[in-house]
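Notes follow once the structure below has been shown.
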Amino acid sequence: MLGGAPLLSAWSLTTMAANGTDFWDPCWACQVLEGTAKGVVATETSAVAVLMNPFPLNVGHALVVPRRHVRNLYEMPEELAGPILSMAARVARAAKHAFTADGITLRQNNDAASDQHLFHFHLHVIPRLDGDHERFSAPPQLVSLAEQESAAVRLRTALSRDDAEL
């Protein structure tokens with residue numbers, strides 16, 4: 001799902017932060033789901049969506065988000081917790097195959113002190129490769145929509161294959 005907002009470079013993000021603006025605010029996840037910001041939706045249900053992270057730590061890095069705005073884990077309604085974790089498990093299984101991952105990291109941050117930048121609850125699903133530790137300490141780099149869509153196609157294909165096997 002693509003909207004009309006311009007994409008930003010890593011330099012632009014630094015400049016925006018210095019100027020008191022933020023790539024993620026107003027809520028980037030809500031805007032992508034509404035179709036008013038650029039982003040890639042890999043899959044979705046009535047309650048949960050999977051967005052490709054525009055600043056991936058590895059190819060296939062996805063964000064599982066509730067479709068309704070929930071700021072963080074502290075505000076998470078019980079009825080959304082199960083569908084989010086269930087979707088994260090589906091995405092993890094599919095990503096392991098789609099990206100030939102050696103493992104999967106699930107990560108979830110709450111508050112700025114924990115490195116939360118997008119203040120819409122999101123559970124990171126990150127394909128991991130042996131020896132990729134250095135990538136996790138490197139500054140995030142914005143990837144193109146084409147790269148995000150390419151990863152989403154691979155993830156969708158794996159999700160469809162996994163769904164067919166059930």
Side-chain angles (χ1 to χ4, degrees), residues 1-3 7 23-24 27-73 76-110 114-138 140-166:
M1 183 179 298
L2 303 176
L7 280 180
F23 175 87
W24 304 109
C27 184
W28 173 81
C30 286
Q31 289 183 5
V32 169
L33 294 172
E34 293 165 356
T36 59
K38 290 187 178 188
V40 176
V41 179
T43 191
E44 58 191 326
T45 67
S46 61
V48 177
V50 177
L51 310 178
M52 300 313 297
N53 191 333
F55 299 92
L57 295 177
N58 276 333
V59 175
H61 182 166
L63 306 173
V64 180
V65 302
R67 290 191 59 79
R68 80 180 209 217
H69 186 80
V70 175
R71 185 172 170 84
N72 51 39
L73 183 63
M76 177 64 63
E78 292 294 322
E79 68 271 8
L80 284 176
I84 288 169
L85 189 55
S86 178
M87 179 65 82
R90 284 186 63 226
V91 170
R93 287 188 296 270
K96 187 160 173 45
H97 287 70
F99 304 103
T100 320
D102 297 312
I104 299 290
T105 292
L106 295 183
R107 178 182 288 175
Q108 202 282 314
N109 305 318
N110 295 282
S114 77
D115 205 30
Q116 183 179 7
H117 299 282
L118 170 60
F119 288 90
H120 181 119
F121 177 91
H122 55 289
L123 180 57
H124 296 260
V125 180
I126 310 165
R128 298 296 304 268
L129 305 171
D130 287 334
D132 69 358
H133 300 289
E134 197 171 290
R135 176 67 186 114
F136 274 66
S137 60
Q141 298 295 314
L142 182 68
V143 298
S144 71
L145 281 173
E147 290 172 284
Q148 292 173 55
E149 185 57 44
S150 176
V153 166
R154 290 169 65 185
L155 186 57
R156 286 183 202 117
T157 300
L159 283 164
S160 295
R161 183 177 48 241
D162 288 351
D163 288 346
E165 292 175 3
L166 293 177

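Count residues from 1 along the sequence.
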Query raised in the report: In terms of heavy-atom contacts, does CD of E134 have more than 12 from other residues, nucleotides or ligands at under 6.0 Å?
Result: no
Requested in this report: Measure the acute angle between the ring planes of H124 and H61, then classify it against the limits of 30° and 60° as parallel, tilted or perpendicular.
Outcome: tilted
Mind listing the closest non-hydrogen atom pair of [X] and [Y] along with its distance?
X	Y	value
M76	A81	SD-N, 4.2 Å
N53	Q148	O-CG, 4.3 Å
A151	V59	CB-CG1, 4.3 Å
A98	A158	CB-CB, 3.8 Å
R135	P56	NH2-O, 2.7 Å

Could you tell me whether the side chain of [X] and the main chain of [Y] form a donor-acceptor pair under 3.5 Å?
X	Y	answer
R71	F119	no
N110	L73	yes
E44	L33	no
D102	D130	yes
N58	P127	yes
W28	K38	yes

With rounding to the nearest 0.5 angstrom, report the [atom1] to [atom2] distance, [X] to [Y].
X	Y	atom1	atom2	result
M87	L80	CE	CG	12.0 Å
N72	L118	CG	CG	11.0 Å
S46	R67	OG	CZ	8.5 Å
S160	L155	OG	CG	9.5 Å
I104	F99	CD1	CZ	9.0 Å
Q31	T36	CD	OG1	4.5 Å

Query raised in the report: Salt bridge check: are R154 and E147 linked by an N-O gap of less than 4.0 Å?
Result: no
**Report entry** salt bridge (Lys or Arg N to Asp or Glu O under 4.0 Å) evaluation trace for R68 with E34
**Finding:** CA-CA 11 Å; R68 80 180 209 217; E34 293 165 356; over 6 Å; no
Query raised in the report: Checking side chain to side chain contact (heavy atoms under 4.5 Å, CB included) for the pair V50/V41: CA distance, chi angles, key distance, verdict?
Result: CA-CA 6 Å; V50 177; V41 179; over 6 Å; no
Query raised in the report: Side chains of L106 and V125: closer than 4.5 Å at any heavy-atom pair?
Result: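 Answer yes - side chains close enough.
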